[in-house]
Amino acid sequence: MSVVLKQKEQLRSAIQAAIEAAQASDELELASVPDIGLEVPRDSGHGDFASNIALVAAKMARKAPRDVAQIIAGHLPLGGFIRDVEVAGPGFINFFLSYDWLFDTIRTIEREGQAYGDSTQGAGEKILLEFVSANPVGPMNVVNARAAAVGDTLARLFRAAGYTVGTEFYVNDAGNQADVFARSLEARYQQLTDPGYAFPEDGYPASYVCELAEVLQKEHPELLEMGREERLALCKRWGTDQMVEMQKADLKNYGVEFDLWFRERDLHAAGALEEAIAFLEHRGLLFEAEDAKWFRSTEFGDDKDRVIVKSDGSYTYVTADIAYHHDKLKRGYTKLIDIWGPDHHGYIGRMQAAIQALGYGEDTLEVLILQYVALLRNGQQVKMSKRAGEFITMQDLVEEVGKDAARFFFLNRSPESHLDFDLDLAVEQSNENPVFYVQYAHARISSILRQGREMGVSLPSSTEVDLSLLAHDSEIALIKQLASLPEELLTAAVQREPHRVTRYALDLASLFHSFYTHCHILGETDSLRDARLVLVAQVQCVLRKVLGILGVDAPEQM
RNA sequence: GCGCCUGUAGCUCAGGGGAUAGAGCAUCGGACUUCUAAUCCGAGUGCCGCAGGUUCGAUUCCUGCCAGGCGCGCCA
């Protein structure tokens, strides 16, 4: 259990005992004791912890909140771990604790290292996190980049929270768009020998298709000898494979590696669509109308029923997706989380319905919808046109601003907020760029420890130093921030809010920088120097931990 | 028309039933003979979109409205 939780539990029982004592002496009359709320106040002047118990209990006690607080406070034992108590504001009870819990925090981090902040909350739950899943017909865009950052960091947060996690990229290599792409590629291939060859009306005009055609010509010169159908099949297979490899490389370059790249065509080959259809048919959830086969998704709360087999006998996108999600569940995952772009939110209802039709609870599938990303340059929104092949790809972005800045920027916003990505700011190697601010804190600590070693001062163990020397305001604030990590990480995971981690990292870096200017280390007396060395080593450990969750490098020097 | 997201400082955004609503940037003024000044310290800024409701207490929760973005295919 985290130090903070342990502290809260102790306080809770102390408050409970105080209330009981007050009742025993007839000062307070309560039919029952409400939940005892405890929080770490934003303003450190309000103590280490504060409780609103008196405000909540006031009505039941038929007394003014401040009076209730006063009575409870009067029964709290001082001198032990509670250093001081005050009643403040509308009736808060503020607790000032002895510093032991802060020193405990330092020792805990030293003992747990990179495991500090982890929990076992998620034990027993197997989460499958599917994200990005961009069509294998071209380069990824900036929303894909946002999804990649959010999904990857969520996966890391889930692992830290004790969940078993699988990450997957669903490759939609069997649908319409793959066919359009194949025809485009085939046409560009033909045009290499026959410039007059017609390019499909709905084809992809972008130049990467031409470049791909040239590679294809070298690797598969036999294509011209084939029949058209066979030729298109090869273009589709080979072309989407090329795109997948490119996407894989781009994502790796961005610090994101999936456990599994799941091919839609494998589902088709395995007969999984037919199997899913038969399953639904067997449960009486399909019907025929207008020459097509429909899934009665309205049975499970969807707006309208959905076509599963088109009148031409082919399948819709949702058919394959049902089969895919069925496959995930059959692999033993207890929770499916999909991260989608904003244009897919209308799709949630039918997939939720499908999951229930397959016999699983309505909480099984959770869909997180990201919002759009607008790129700004010189304060102006960058206009993009996919049709014209003019758009900034994920790779462009990573090349321009770097992996660390890109990830940090995406993760610095709540997932559901529309995001303005300022390219000029992200690329700036200056104090304006928040990612450097955090990395700089890490590098500064490395530098101190390095110079200490050069001076023959090695890092002592917390048991060898007098931690009570850490009494400066900036030191106390810093340790409190370290103490709050476990709860922050857990909340970020449970609420699916990775931006909490960037905020935590920025706050920690800020507290460290402030400490750094107020407190020297290597020039101080041995005992103070050693205590501070232990402190900054733990700060560095935590910085490395949170940067690792964000997928951002923790440099030794800058 | 229906659905989703958003509306908080000049800008970009956090926060969230409770104490004086925060941060970064921008603006202004300070701090380097000492561990990295990519840093720190200080200063000002707010009908928390509007109107009702619930509550001891609402910027936060509920309802309605207004504004911006997006979606409502036998596309994916």
Side-chain angles (χ1 to χ4, degrees), chain A residues 37 39 41-43 45-46 50 52 55-56 58-59 64-65 88-92 94 133-135 137 172 174-178 180 264 289-294 303-304 306-321 341-349 369-372 374 376 379 409 412-422 425 428-437 439-441 443-452 454-455 457 474 499-500 502-503 506-507 509-510 512-524 529 532-533 536 557-558:
Chain A
E39 58 166 20
R42 269 197 213 95
D43 183 343
H46 294 146
N52 66 347
L55 292 148
V56 179
K59 197 172 192 178
F92 288 102
N94 293 340
S133 297
N135 280 320
V137 299
N172 184 215
N176 240 337
Q177 294 202 22
V180 172
E264 183 188 349
E290 300 162 51
D291 295 329
K293 200 182 278 276
W294 298 67
D303 302 346
K304 44 183 99 164
R306 306 294 172 176
V307 170
I308 286 292
V309 183
K310 300 185 211 172
S311 50
D312 68 359
S314 64
Y315 303 116
T316 59
Y317 180 80
V318 73
T319 316
D321 220 9
D343 49 335
H344 283 65
H345 89 257
Y347 191 76
I348 297 175
I369 297 290
L370 295 177
Q371 295 301 320
Y372 270 108
L376 303 179
F409 268 56
N412 199 20
R413 298 280 176 266
S414 73
E416 71 270 18
S417 75
H418 302 249
L419 188 151
D420 286 334
F421 195 111
D422 189 331
L425 177 60
E428 200 159 334
Q429 311 262 325
S430 79
N431 55 345
E432 291 180 33
N433 195 331
V435 67
F436 292 117
Y437 184 83
Q439 290 179 316
Y440 184 48
R444 266 186 155 176
I445 296 172
S446 299
S447 173
I448 294 165
L449 297 175
R450 195 165 49 236
Q451 288 187 44
E454 282 163 15
M455 293 163 58
V457 179
S474 67
H499 68 287
R500 285 175 181 276
T502 48
R503 196 132 300 266
L506 285 166
D507 287 344
S510 170
F512 168 75
H513 287 309
S514 180
F515 156 81
Y516 181 91
T517 38
H518 289 111
C519 302
H520 278 243
I521 299 171
L522 295 177
E524 299 291 345
R529 177 199 66 201
R532 284 180 173 165
L533 279 173
V536 297
Q557 48 189 315
M558 290 172 73

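Chain naming here is simple, since letters A, B, ... match the order of the sequence lines and numbering starts at 1 in each.
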Do [X] and [N] have a side chain to base donor-acceptor pair shorter than 3.5 Å?
X      : N     : value
A:S311 : B:C74 : yes
A:H418 : B:C5  : yes
A:N94  : B:A19 : yes

Roughly how many Å apart are [M] and [N], using the [atom1] atom of each and rounding to a whole number?
N     : M     : atom1 : answer
B:U54 : B:U39 : C1'   : 48 Å
B:C74 : B:U12 : P     : 39 Å
B:C25 : B:C40 : P     : 8 Å
B:U45 : B:A9  : P     : 14 Å
B:U63 : B:U6  : P     : 14 Å
B:U27 : B:C2  : C1'   : 47 Å

If you check every side-chain atom of [X], which of [options] has the closest atom?
X      : options             : value
A:R503 : B:A14, B:U12, B:G15 : B:A14
A:H518 : B:C70, B:C40, B:C5  : B:C40
A:K59  : B:C74, B:G15, B:U55 : B:U55
A:H499 : B:C5, B:A14, B:U20  : B:A14
A:H46  : B:G18, B:C35, B:A19 : B:A19
A:K310 : B:A37, B:G71, B:C75 : B:C75
A:N176 : B:C75, B:A19, B:G71 : B:C75
A:A50  : B:C74, B:A19, B:U6  : B:A19
A:H513 : B:C74, B:U39, B:C35 : B:U39
A:K304 : B:C13, B:G18, B:C72 : B:C72

*Just wondering, more than 12 heavy atoms not from A:K59 lying within 6.0 Å of its NZ?*
no
*Above 12 or not: heavy atoms from other molecules or residues under 6.0 Å from CZ of A:R42?*
no
*Counting any heavy atom closer than 4.0 Å, what does A:Q439 reach on the DNA or RNA strands: base, sugar-phosphate only, or nothing?*
nothing
*Sugar-phosphate, base or nothing in reach of A:S314, heavy atoms under 4.0 Å*: nothing
*So is A:R444 actually on top of A:Y516's ring, under 6.0 Å and inside 45° of the axis?*
yes
_Counting C-beta onward and ignoring hydrogens, is there a side-chain heavy-atom pair between A:P434 and A:F436 closer than 4.5 Å?_
no
*Non-hydrogen side-chain atoms of A:N412 and A:R503 separated by less than 4.5 Å*: yes
[N] phosphate, OP1 or OP2, under 4.0 Å from [X] side-chain N/O:
X      : N     : value
A:Y437 : B:A37 : no
A:R444 : B:A37 : yes
A:S514 : B:C41 : yes
A:S417 : B:A14 : yes

*May I ask whether A:H345 stacks on the base of B:C5, given the cut-offs of 5.5 Å between ring centres and 30° between planes?*
no
*Is the ring centre of A:F92 under 5.5 Å from the base ring centre of B:A19, and are the two planes under 30° apart, so that they stack?*
yes
Counterpart base for [N], defined by Watson-Crick or G-U wobble contacts under 3.5 Å:
N     : result
B:U39 : B:A31
B:C72 : B:G1
B:C13 : B:G22
B:C65 : B:G49

*Fit a plane to each ring of A:Y347 and A:H344, take the angle between them on a 0 to 90° scale, and name the class: parallel (under 30°), tilted (30 to 60°) or perpendicular (over 60°).*
perpendicular
_Atom of A:S311, atom of A:A292 and distance for their closest heavy-atom approach_ = N-CB, 4.0 Å
